[in-house]
Amino acid sequence: MSIDAETLIDWFGTSARDLPWRHADCTPWGVLVSEVMLQQTPVARVLPVWQQWLERWPKPSALASATQGEVVRAWGKLGYPRRALRLHTAATAIADEHGDEVPSDVDTLLGLPGIGAYTARAVAAFAYGRRAPVVDTNVRRVVARAVHGAGEAGPPSTNRDLRDVEALLPDGPDESCAARFSAALMELGALVCTARNPRCADCPIFDTCAWQKAGRPAYTGPARPTQRYGGTDRHVRGLLLDVLRGTTEPVEKARLDLAWPKAGQRDACLDSLLADGLVEQTADGRFALPGEH
DNA sequence: GACTCGTGGAG
DNA sequence: TCTCCAAGAGT
């Protein structure tokens, strides 16, 4: 079973959210910034930060001119702050090596830090209308259900997933049809074909959905390991970085020591933040966001 | 392929 | 409360 592209694209036209990075006047740079911010981070949390970034750094060269510390600070609490550093590095490469223009082909995009299989194709498709399979968690779930009749997608397998979705891309009158189809597939997964409590009554492709036809069988594949957060290194790193985000001046080690009671874990996390370039030590031994002193 | 890497809202 | 999960990437 396949997915009827015209039906899905029509639904997208009437039901899609009005997101600023989908506006016709949004630049490829704006699309790229949105895609990186949206990696594992909900739309609602990205929206205000994206607006601020595009006002402050409207071109890759503008971001490249900022310090790493400014970029990490402006990233705020979007999570996974290494994304901010990678985006800064990518912006520098785009400014220096690509004439300040975001590349439009997948292979070149893949060469930039922080841009992987999903983001490269999302930028090529959504910013430039290129034909490329765009596979995120939404798409994998929709395809698992509508095409394969499974309750959930199994564990991701990049190459298999790409081939899987490639086969579904429509041959429309122009190349951008495939991109619009991909955007619609993602939007369906985000709004209707959700992970929990899918709203099948509102689904535009209900009639052809393989999962419905099979009687909505429960997922039988391997359960995803539940990810804890409290007490993990991720948690501690977040606490330490939050201290530095909250100050302009470098802080003493003793100040960071207040953030987490376990000294061993705390120091290891501080070391990893230093190694990642998210934190810097000043000449007098204090700590700060990088490049701000 | 299995881990690691933040954060906070929803159910 | 606690579990789930949100447009992934890098190692």
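As the structure is a prediction and not an experimental result, all values here were calculated from the model. So that the names make sense, note that chain A is the first sequence line, chain B the second, and so on, each numbered from 1. Heavy-atom basis, side chains included; hydrogens, waters and symmetry copies ignored.
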Query - Candidate nucleotides C/dC5, B/dG6, C/dA9, ranked by approach to the side chain of A/Tyr118 - the nearest - result: C/dA9
Query raised in the report: Quick one: does A/Thr41 reach the base of B/dG6 with a side-chain donor-acceptor pair under 3.5 Å?
Result: yes
Query raised in the report: Is any side-chain N or O of A/Arg237 closer than 4.0 Å to OP1 or OP2 of B/dG6?
Result: yes
Report summary line: Whole-Å distance, A/Arg228 CZ to C/dC4 C1', equals 12 Å
Query raised in the report: Of all the nucleotides listed (C/dA7, B/dG9, B/dG6), which has the minimum atom distance to the side chain of A/Arg196?
Result: B/dG9
**Report entry** Heavy-atom side-chain proximity of A/Arg140 to A/Asp164 below 4.5 angstrom
**Finding:** no
Report task. Tell me what A/Leu78 touches on the nucleic acid: a base, only sugar-phosphate, or nothing, going by heavy atoms under 4.0 Å. Result -> base
Requested in this report: Kindly point out which of B/dG1, B/dC5, C/dA6 is positioned nearest to the side chain of A/Ser157?
Outcome: B/dG1
Query - Atom pair distance, as rounded to whole Å: CG in A/Asp136 and P in C/dA9 - result: 10 Å
Query raised in the report: A/Asp242 and A/Lys77: salt bridge (charged side-chain N to carboxylate O under 4.0 Å, His left out), yes or no, with the steps?
Result: CA-CA 8 Å; A/Asp242 203 38; A/Lys77 307 197 79 168; 3.6 Å; yes
Query raised in the report: Roughly how many Å is it from CG in A/Leu162 to C1' in C/dA7, rounded to a whole number?
Result: 15 Å
Query raised in the report: Taking the P atom of each, how far is B/dG11 from C/dA7, in whole Å?
Result: 15 Å
Query raised in the report: To the side chain of A/Asp233, which of B/dC5, C/dA7, C/dC5 is closest?
Result: B/dC5
**Report entry** Whole angstrom value for the distance that separates P of B/dG9 from OH of A/Tyr229
**Finding:** 13 Å
Requested in this report: For C/dA9, take OP1 and OP2 only and decide whether either is under 4.0 Å from a side-chain N or O of A/Arg121.
Outcome: no
Requested in this report: Could you please name the option among C/dA6, C/dC4, C/dA7 that lies closest to any side-chain atom of A/Pro42?
Outcome: C/dA6
Query - Separation of atom CG in A/Leu191 from atom P in C/dA6, rounded to whole Å - result: 12 Å
Requested in this report: Answer yes if the ring centres of A/His148 and A/Trp211 are under 6.0 angstrom apart, and no otherwise.
Outcome: no
Report summary line: When rounded to whole Å, the CG to C1' distance for the pair A/Leu38 and C/dG8 reads 11 Å
Query raised in the report: Looking only at side-chain N and O atoms, does A/Gln40 come under 4.0 Å of OP1 or OP2 in C/dG8?
Result: yes
Query raised in the report: Looking at A/Thr119, does any N or O in its side chain come under 4.0 Å of the phosphate oxygens OP1/OP2 on C/dA9?
Result: yes
Report task. Quick one: pull up OH in A/Tyr128 and OG in A/Ser176 and give me the separation to the nearest 0.5 Å. Result -> 15.5 Å
Query raised in the report: Is the shortest side-chain N/O distance from A/Tyr80 to OP1 or OP2 of C/dA9 below 4.0 Å?
Result: no
Report task. Go through C/dA7, B/dC5, C/dG8 for me and flag the one nearest to the A/Met186 side chain. Result -> C/dA7
Query raised in the report: Rounded to the nearest Å, what distance is computed from the CG atom of residue A/Leu85 to the P atom of nucleotide B/dG6?
Result: 10 Å
Report task. Quick one: label A/Pro113 by what it contacts on the DNA or RNA (base, sugar-phosphate, nothing), any heavy atom closer than 4.0 Å. Result -> sugar-phosphate
Query - Flag for A/Glu187-A/Ser15: side-chain donor and acceptor within less than 3.5 Å - result: no
**Report entry** Which residue lies more 5' along DNA chain B, comparing A/Ser272 with A/Asn197 via nearest heavy atoms
**Finding:** A/Ser272
**Report entry** Pair A/Trp57-A/Trp29, ring-ring contact (aromatic ring centres under 6.0 Å, His included): steps then yes or no
**Finding:** CA-CA 10 Å; A/Trp57 298 307; A/Trp29 170 241; 9.0 Å; no
Query raised in the report: Is any side-chain N or O of A/Lys77 closer than 4.0 Å to OP1 or OP2 of B/dG6?
Result: no
Query raised in the report: At under 4.0 Å between heavy atoms, what does A/Ala195 touch on the DNA or RNA strands: base, sugar-phosphate, or nothing?
Result: sugar-phosphate
Query - Residue-phosphate contact under 4.0 Å: A/Arg45 side-chain N/O, C/dC5 OP1/OP2 - result: no
Query raised in the report: Expressed in angstrom and rounded to an integer, what is the separation of A/Leu112 atom CG from C/dA9 atom P?
Result: 12 Å
